[in-house]
2 protein chains.
Amino acid sequence: MVESNFALDLIFGALADATRRDILKRVSRGKHTISELAEFYAMSLAAVAKHVSVLEKAGLITKRRSGKEKVIHVEPKTIEVAAAHLSEYEQLWGARFDALEKLLAENRTGGG
Amino acid sequence: MVESNFALDLIFGALADATRRDILKRVSRGKHTISELAEFYAMSLAAVAKHVSVLEKAGLITKRRSGKEKVIHVEPKTIEVAAAHLSEYEQLWGARFDALEKLLAENRTGGG
DNA sequence: TTATCATTCAACCATATGGTTGAATCAAAT
DNA sequence: ATTTGATTCAACCATATGGTTGAATGATAA
């Protein structure tokens, strides 16, 4: 019946745009205000503010007021939700190529 | 300057729809034809075919002709591209909460 | 209080997206 | 050669998305 999982719609939808991924990258490195962010892009401030709002609705970032400005923070938990979902596909497929699995195997057998 | 990275636009865009995520999940478990997949959803065959086409353009699945049918296969490498991208944000943020990092630390120190 | 800076809101526009139906193609079976 | 089954294509529709501009709001500084 396709459980709607609106959260994932918003998260992946937010990640589907290069400007928003770039904003998320900058914000992952450290806090920024909207107008600081806007300087990097060839579009209006309002357009950047909309992108930030999309990221916020997806739960990928939060805004905190600080004086006149609003400071954008990354919300790493939400990124992990998306990452966890992707690993579901890999688990279903039975791939388990990744380094984590390799290390787990090594740990189990005591190998190095 | 926001490197467009069209591939990621398509991958995350494809994942932003619940029907497509469900198709990807089913296909991750095993091969399916378009009309098999279509039985699960309350929409026309053509609509499902469009969703499959979006997944294909993103490189998340491939179609192979087999007689009259076309069989859909998952393309796990592409899922890993998306997963790797997500882990970039986490690395930028400096989080490294995950089990992989823990194990790496244990391996480095020889702990168990 | 007024001016200023940062952000948001509203209206608008063009294009993309997700769905429909009906016709067209492609491969196999009769 | 014709029929049947599976998929694709084309035209169409409604709504969402990504951008614009100009006005409104919020918070500080003068």
Side-chain angles (χ1 to χ4, degrees), chain A residues 1-24 26-27 30-73, chain B residues 1-24 26-27 30-73:
Chain A
M1 272 302 99
V2 194
E3 13 145 352
S4 290
N5 211 335
F6 202 55
L8 285 173
D9 287 18
L10 293 181
I11 294 169
F12 287 122
L15 292 169
D17 179 278
T19 301
R20 287 195 293 264
R21 287 195 304 274
D22 196 75
I23 291 173
L24 193 57
R26 288 180 193 280
V27 169
K31 305 162 194 173
H32 282 280
T33 66
I34 309 257
S35 31
E36 262 170 33
L37 288 168
E39 289 175 17
F40 298 110
Y41 311 105
M43 68 185 72
S44 69
L45 177 71
V48 174
K50 272 197 193 179
H51 281 305
V52 169
S53 163
V54 170
L55 289 165
E56 189 185 24
K57 272 164 194 152
L60 287 162
I61 59 144
T62 51
K63 287 181 258 191
R64 251 174 269 170
R65 176 129 250 158
S66 165
K68 351 180 156 187
E69 303 171 337
K70 283 195 180 170
V71 181
I72 315 299
H73 303 255
Chain B
M1 277 298 100
V2 194
E3 12 146 351
S4 289
N5 211 336
F6 202 55
L8 285 173
D9 287 17
L10 294 180
I11 294 170
F12 287 122
L15 292 169
D17 180 279
T19 302
R20 287 194 293 264
R21 286 195 304 274
D22 196 75
I23 291 173
L24 193 57
R26 289 180 192 280
V27 169
K31 306 162 195 176
H32 282 279
T33 67
I34 309 257
S35 31
E36 262 169 33
L37 288 169
E39 289 175 18
F40 298 110
Y41 311 105
M43 68 185 73
S44 70
L45 178 71
V48 174
K50 272 196 192 180
H51 281 304
V52 169
S53 163
V54 170
L55 289 165
E56 189 185 25
K57 272 164 194 150
L60 286 162
I61 60 143
T62 50
K63 287 181 257 191
R64 252 174 268 170
R65 176 131 249 156
S66 165
K68 351 182 158 187
E69 304 170 339
K70 285 196 178 170
V71 180
I72 314 299
H73 302 255

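Since the structure is predicted, the reported quantities are computational estimates derived from the model, not experimental observations. Below, read A as the first sequence line, B as the second, and so on, with proteins coming before strands; counting in each chain starts at 1.
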Residue-phosphate contact under 4.0 Å: A:K70 side-chain N/O, D:dG26 OP1/OP2:
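Negative; the distance criterion is not met.
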Looking at D:dT8, I'd like to know if its phosphate oxygens (OP1 or OP2) sit under 4.0 Å from a side-chain N or O belonging to B:S53.
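Looking at the OP1 and OP2 atoms of D:dT8, neither is under 4.0 Å from any side-chain N or O of B:S53.
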Distance in angstrom units between [X] [atom1] and [N] [atom2], rounded:
| X | N | atom1 | atom2 | value |
| --- | --- | --- | --- | --- |
| B:D17 | D:dT15 | CG | P | 18 Å |
| A:E36 | C:dC5 | CD | C1' | 14 Å |
| A:K63 | D:dA27 | NZ | C1' | 16 Å |
| B:R64 | C:dA27 | CZ | P | 17 Å |
| A:E39 | C:dC5 | CD | P | 14 Å |
| A:D9 | D:dT17 | CG | P | 10 Å |
| A:F12 | C:dT17 | CZ | P | 18 Å |
| A:L55 | C:dT7 | CG | P | 15 Å |

For the residue pair A:H32 and A:F40, categorise the inter-ring angle as parallel (less than 30°), tilted (30 to 60°) or perpendicular (more than 60°).
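A:H32 vs A:F40 ring planes: perpendicular.
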Would you say [X]'s side chain and [Y]'s backbone share a donor-acceptor pair under 3.5 angstrom?
| X | Y | value |
| --- | --- | --- |
| A:R20 | A:L15 | no |
| B:R65 | B:G67 | yes |
| B:S66 | B:E69 | no |

N/O to N/O distances under 3.5 Å, protein versus nucleotides 20-26 of chain C:
| unit_1 | atom_1 | unit_2 | atom_2 | d |
| --- | --- | --- | --- | --- |
| C:dT20 | OP1 | B:S44 | N | 3.3 |
| C:dT20 | OP2 | B:S44 | N | 2.9 |
| C:dT20 | OP2 | B:S44 | OG | 2.6 |

Which nucleotide sits closest to the side chain of A:E69: D:dT8, C:dT7, D:dG19?
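Nearest to the side-chain atoms of A:E69, counting from C-beta on, is C:dT7.
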At 4.0 Å (heavy atoms only), tell me whether A:T19 reaches a base, stays on the sugar-phosphate, or touches nothing.
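Nothing, no nucleic acid heavy atom in range.
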Apply side chain to side chain contact (heavy atoms under 4.5 Å, CB included) to residues A:E56 and A:I72 and explain how you reach the verdict.
CA-CA 9 Å; A:E56 189 185 24; A:I72 315 299; over 6 Å; no
So if I take the C1' atoms of five pairs at each end of the helix from C:dT1-D:dA30 to C:dT30-D:dA1 and get each local axis, what angle do the two axes make, rounded to 10 degrees?
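The value is 10°.
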